[in-house]
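Any value given below was found using the heavy atoms of this structure, including those in side chains, with hydrogens, waters and symmetry copies removed. Throughout, numbering of the chain's residues begins at 1 and tracks the sequence.
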Amino acid sequence: MKPLAIVCLGAALTVGSSIHPAVAADALVLAGAEVARNAGYAYLGYLAPLPGSAFGRGWVHREWLDALQYSYDNSGQITARSPGISAAVGYQGHDASAAWAGYLGLRLADTRLSPDDPGNVNRGFHARAQAQLEYRVPHAVAGAEFDGLAQWEFGSRSWYARMRLNGWKFGPELVLKGSPDYDAVQIGATTRIYDNRDGGALTLKGGLTRQSGGSTGPYLGLEWVRGL
C-alpha cells in the first residue's frame with residue numbers, strides 16, 4: 001500500500017497546542033480544517049478544566065468530532081472516508097519559563113473505502129487509544145514562542161510531531177508524521193489573524209508536504225479557538 005495523500009495521523013488530536021495558562025475563559029471551543037492534495041480533515045472540539053482545576057494548572061477534559069478523507073494507490077486509486085469521535089483527559093502545568101500538558105484518550109472511527117481494500121489496517125470500525133504531549137516556551141527564539149506537540153495512536157502505530165514558532169508575523173511550522181506504511185514531512189508557515197486573552201484566536205497555515213516516494217504538494221489550513 002502506497003498512500004498518495006498526506007494523512008492526518010492520530011487525527012482526533014492534531015491541532016494547535018491547547019495549553020492556555022493565561023486564559024480567562026471557563027472553556028474553549030476549537031474548530032478547523034486542513035486540505036492537501038487528495039486529502040482533507042476537519043474538526044470541532046471542546047476543552048474545559050475538571051472541577052477544582054484551571055487551564056494551565058490541573059486536569060482538563062476534551063471531546064472531539066472529526067472527519068478525515070484521503071486517497072491512495074493500491075492497484076488503482078482508493079478513497080477513504082473516516083468520521084470519528086473521541087474523548088481525552090489531560091493534565092496541564094506551567095511555571096515562569098514553560099508550559100506543558102499530557103493527554104490520554106480514546107477515539108472511535110469508522111473508515112469506509114471505495115473500492116474496498118481488505119489490506120488497509122484502518123478499514124472498518126476501530127476503537128483506539130491515543131496519547132499526546134505538548135510543550136510551550138513563551139520566549140524561546142528572538143521573542144517568539146516555541147510550540148511543540150507529539151502524539152501516538154495505539155493499534156495503527158501512527159505518530160505525529162509538530163513544532164512551531166509563534167509571535168512573528170509569519171512563523172515556521174514543521175510536521176513529521178508516519179505509520180508502518182509511510183512517512184511524510186510538512187514544512188510551512190503560520191500567521192495569527194487575531195489573538196486575545198479570553199482564548200480566542202484565528203490562525204492561517206500553509207506550505208508543502210513531501211512523503212516517502214517523492215510525492216510533493218501544497219497544504220492549507222485554518223484553526224479557530226473561542227473562549228466561553
Side-chain angles (χ1 to χ4, degrees), residues 1-18 29-46 64-74 76-86 107 109-115 117 120 122-123 130 132 147 149-151 153 156 158-166 169-179 181-195 200-226:
M1 182 186 303
K2 183 181 178 182
L4 291 177
I6 302 301
V7 183
C8 292
L9 297 170
L13 300 181
T14 56
V15 66
S17 173
S18 55
V29 175
L30 306 96
E34 181 176 312
V35 293
R37 190 168 70 92
N38 298 326
Y41 173 65
Y43 65 88
L44 175 64
Y46 179 82
W64 212 259
L65 296 172
D66 61 31
L68 171 66
Q69 178 174 316
Y70 60 96
S71 298
Y72 63 93
D73 183 24
N74 187 20
Q77 183 162 293
I78 296 174
T79 298
R81 295 178 176 85
S82 180
I85 183 172
S86 66
R107 181 173 188 253
D110 184 20
T111 301
R112 301 179 182 181
L113 307 172
S114 178
D117 178 13
N120 189 317
N122 293 309
R123 173 177 178 261
Q130 296 177 322
Q132 177 169 316
D147 185 356
L149 178 154
Q151 62 186 215
E153 182 176 272
S156 68
S158 60
W159 52 271
Y160 178 98
R162 194 217 63 228
M163 292 163 282
R164 287 178 178 172
L165 286 177
N166 301 319
K169 180 64 176 178
F170 294 95
E173 175 182 67
L174 173 64
V175 175
L176 307 173
K177 48 190 172 182
S179 72
D181 295 319
Y182 93 112
D183 58 81
V185 177
Q186 184 168 299
I187 299 175
T190 70
T191 183
R192 290 281 178 90
I193 298 174
Y194 72 80
D195 193 353
L202 183 63
T203 302
L204 178 66
K205 60 181 180 178
L208 293 174
T209 59
R210 180 178 177 84
Q211 70 179 64
S212 54
S215 176
T216 302
Y219 75 92
L220 184 66
L222 197 65
E223 298 173 358
W224 175 78
V225 182
R226 179 178 175 83

> How many angstroms lie between OG in S82 and CZ in R107, if you round to the nearest 0.5 Å?
Replying inline: 4.5 Å
> Can you tell me how far CG of D117 sits from OG1 of T111, rounded to the nearest 0.5 angstrom?
Replying inline: 11.5 Å
> Minimum heavy-atom separation for Y219 to A36, with atom names?
Replying inline: CB-CB, 4.0 Å
> Got a second to check how far Y194's OH is from W224's CH2, nearest 0.5 Å?
Replying inline: 6.5 Å
>> When you measure from the side chain of T191 to the backbone of F170, do you find a donor-acceptor pair of N or O atoms at a distance under 3.5 Å?
In response: no
> Which pair of heavy atoms, one from A201 and one from D195, lies closest together, and at what distance?
Replying inline: CB-OD1, 4.0 Å
>> Testing the basics here: between A80 and L113, what is the closest heavy-atom pair and its distance to 0.1 Å?
In response: CB-CD2, 3.4 Å
> Say you draw a straight line from CG of L165 to CG of D147; how long is it, rounded to the nearest 0.5 Å?
Replying inline: 9.0 Å
>> Between T209 (side chain only) and Q186 (backbone N and O only), is there a donor and an acceptor less than 3.5 Å apart?
In response: no
>> Looking at every heavy atom in both L204 and G221, which two are closest together, and how far apart are they?
In response: CD1-O, 3.4 Å
>> What's the separation between atom CD in Q132 and atom OH in Y160, rounded to the nearest 0.5 Å?
In response: 9.0 Å
> Is any side-chain heavy atom of V185 closer than 4.5 Å to a side-chain heavy atom of L208?
Replying inline: no
>> So that I can tick it off, tell me whether E223 and R164 are bridged by a salt bridge, with the cut-off set at under 4.0 angstrom between side-chain N and carboxylate O.
In response: yes
> Taking all atoms of both residues into account, what is the closest heavy-atom pair of L220 and K205, and its distance?
Replying inline: CD1-O, 3.3 Å
> Which heavy atom in L44 sits nearest to a heavy atom in A31, and how many Å separate them?
Replying inline: CD1-CB, 4.0 Å
